[in-house]
2 protein chains.
Amino acid sequence: MDRFDERILRELKLDGRLSNVLLAERIGLSPSATLRRVQELEKSDVIAGYRAVLNPAQCGIEFIAYVSIGLSNHSKASQLHFEEAISVAKEVVECHNITGSSEYLLRVETKNLAAYKQFHMDVIGNIPQVNAVATSVVMDSPKDERA
Amino acid sequence: MDRFDERILRELKLDGRLSNVLLAERIGLSPSATLRRVQELEKSDVIAGYRAVLNPAQCGIEFIAYVSIGLSNHSKASQLHFEEAISVAKEVVECHNITGSSEYLLRVETKNLAAYKQFHMDVIGNIPQVNAVATSVVMDSPKDERA
DNA sequence: GGTGAAACGTAGGCCGT
DNA sequence: ACGGCCTACGTTTCACC
């Protein structure tokens, strides 16, 4: 992992479809050397994958919220049950197990407020271990470099 | 926006580097028709871009936290000043303006706890408008579909 | 790490429906 | 207006230096 690898990662983070020849030009190496480095970064799992980034507004997503969840008890069984219920909920895009006053932080994306209410009732309301719920609606994201 | 477009987006979200011919096979269209649809989705900003997804653990990131920030006053000037300070902080990967008991939610990624302490002092501690800070350390992310 | 050549994919014109 | 076919062009990828 040297300067070249770092530049490769920087360019590929900005444009995952950058062609190998253009990438080679930008980092100042030949295409073949560049390709070998990229393949090595992929094989060693430094690059986990490539994804198209969609524009939520253009995809019918008009409601985004972070939801902190507190469980009524902290047993392993409770946590696994909760995570299982969350894993099948398509509205939940992220689920983080965090320290602090609540156990989980979710990012939830829905079509609109009505769809969120539905999610709140049908999914959150149906997990018996859930004790406390606090919804923070996202109004704007002045910085968002989610890879 | 029909079934074909939806399938294109689903495949490209999973693999942003999928070649056009393979994509065409998977959705059951010819390569040229597929390419035209993809280009249209890019032009109309449904596809915002493509990114390489890095593995934080393999990139020397061993500390991830969500930080909620409350400002001492809610003037436009205060918010703009805060957002400006955040935009140049490389440790801040996301900054969301939210409703609820605090104004901002940040996702902060650093090499380790010591680097986070440094960030906390040098960046957060130097923004006079910051009133309240609550750090929630990410222990695990059982679901993470960040694009 | 660089070079060259073959295999492969892209992208645009053209025609049929 | 939209999908399929064909072809020139560029890119990827590999054995070899």
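These figures come from a predicted structure and were not determined experimentally. All chains are named by letter (A, B, ...) in the order of the sequence lines, taking the proteins before the strands, and each is independently numbered beginning at 1.
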Please determine whether a side-chain nitrogen of the Lys or Arg among A/K43 and A/E40 lies less than 4.0 Å from a carboxylate oxygen of the Asp or Glu. yes

Are any of the side-chain heavy atoms of [X] and [Y] separated by less than 4.5 Å?
X	Y	result
B/P128	B/H81	yes
A/V53	A/R51	no
B/N97	A/V138	no

Residues in residues 14-25 of chain B with a heavy atom under 4.0 Å of DNA chain C, by number, are B/S19, B/N20, B/V21

Can you tell me how the ring of B/F119 sits relative to the ring of B/Y116, calling it parallel under 30°, perpendicular over 60° and tilted otherwise? tilted

Between the side chain of [X] and the main-chain N/O of [Y], is any donor-acceptor distance below 3.5 Å?
X	Y	answer
B/K143	A/S87	yes
B/T110	B/N112	yes
B/T99	A/V137	yes
B/D2	B/D5	yes
A/N20	A/P31	yes

task: Answer yes if A/I98 and B/V108 sit in the same cluster of Ile, Leu, Val, Met, Phe, Trp and Tyr residues linked by side chain heavy atoms under 4.5 Å apart, and no otherwise.
output: no

Rounded to whole Å, CG of A/L35 lies from P of D/dG10 at a distance of 20 Å

Whole-Å distance, B/F4 CZ to D/dC2 P, equals 13 Å

Applying side-chain hydrogen bond (donor to acceptor under 3.5 Å, both in side chains) to A/E11 and not counting sequence neighbours gives A/R26

Output side-chain donor-acceptor pairs under 3.5 Å for residues 63-72 of chain A, partner residues at least two apart or in another chain, one line each.
from	atom 1	to	atom 2	distance (Å)
A/Y66	OH	A/R107	NH1	2.9
A/Y66	OH	B/E94	OE1	3.2
A/Y66	OH	B/H96	NE2	3.0
A/S72	OG	A/Q129	O	3.2

In short, the helix from C/dG1-D/dC17 to C/dT17-D/dA1 is bent end to end, axes from five pairs each side, to 10°, by 30°

Might you list the N or O atoms of the protein lying below 3.5 Å from N or O atoms in nucleotides 4-7 of chain D, with each pair's distance?
from	atom 1	to	atom 2	distance (Å)
D/dG4	OP2	B/S30	N	2.7
D/dG4	OP2	B/S30	OG	3.1
D/dG4	N7	B/S32	OG	3.2
D/dG4	O6	B/R36	NH1	3.3
D/dG4	O6	B/R36	NH2	3.4
D/dC5	N4	B/S32	OG	2.7

Expected list for residues 37-48 of chain A near DNA chain D, using heavy atoms below 4.0 Å, is none

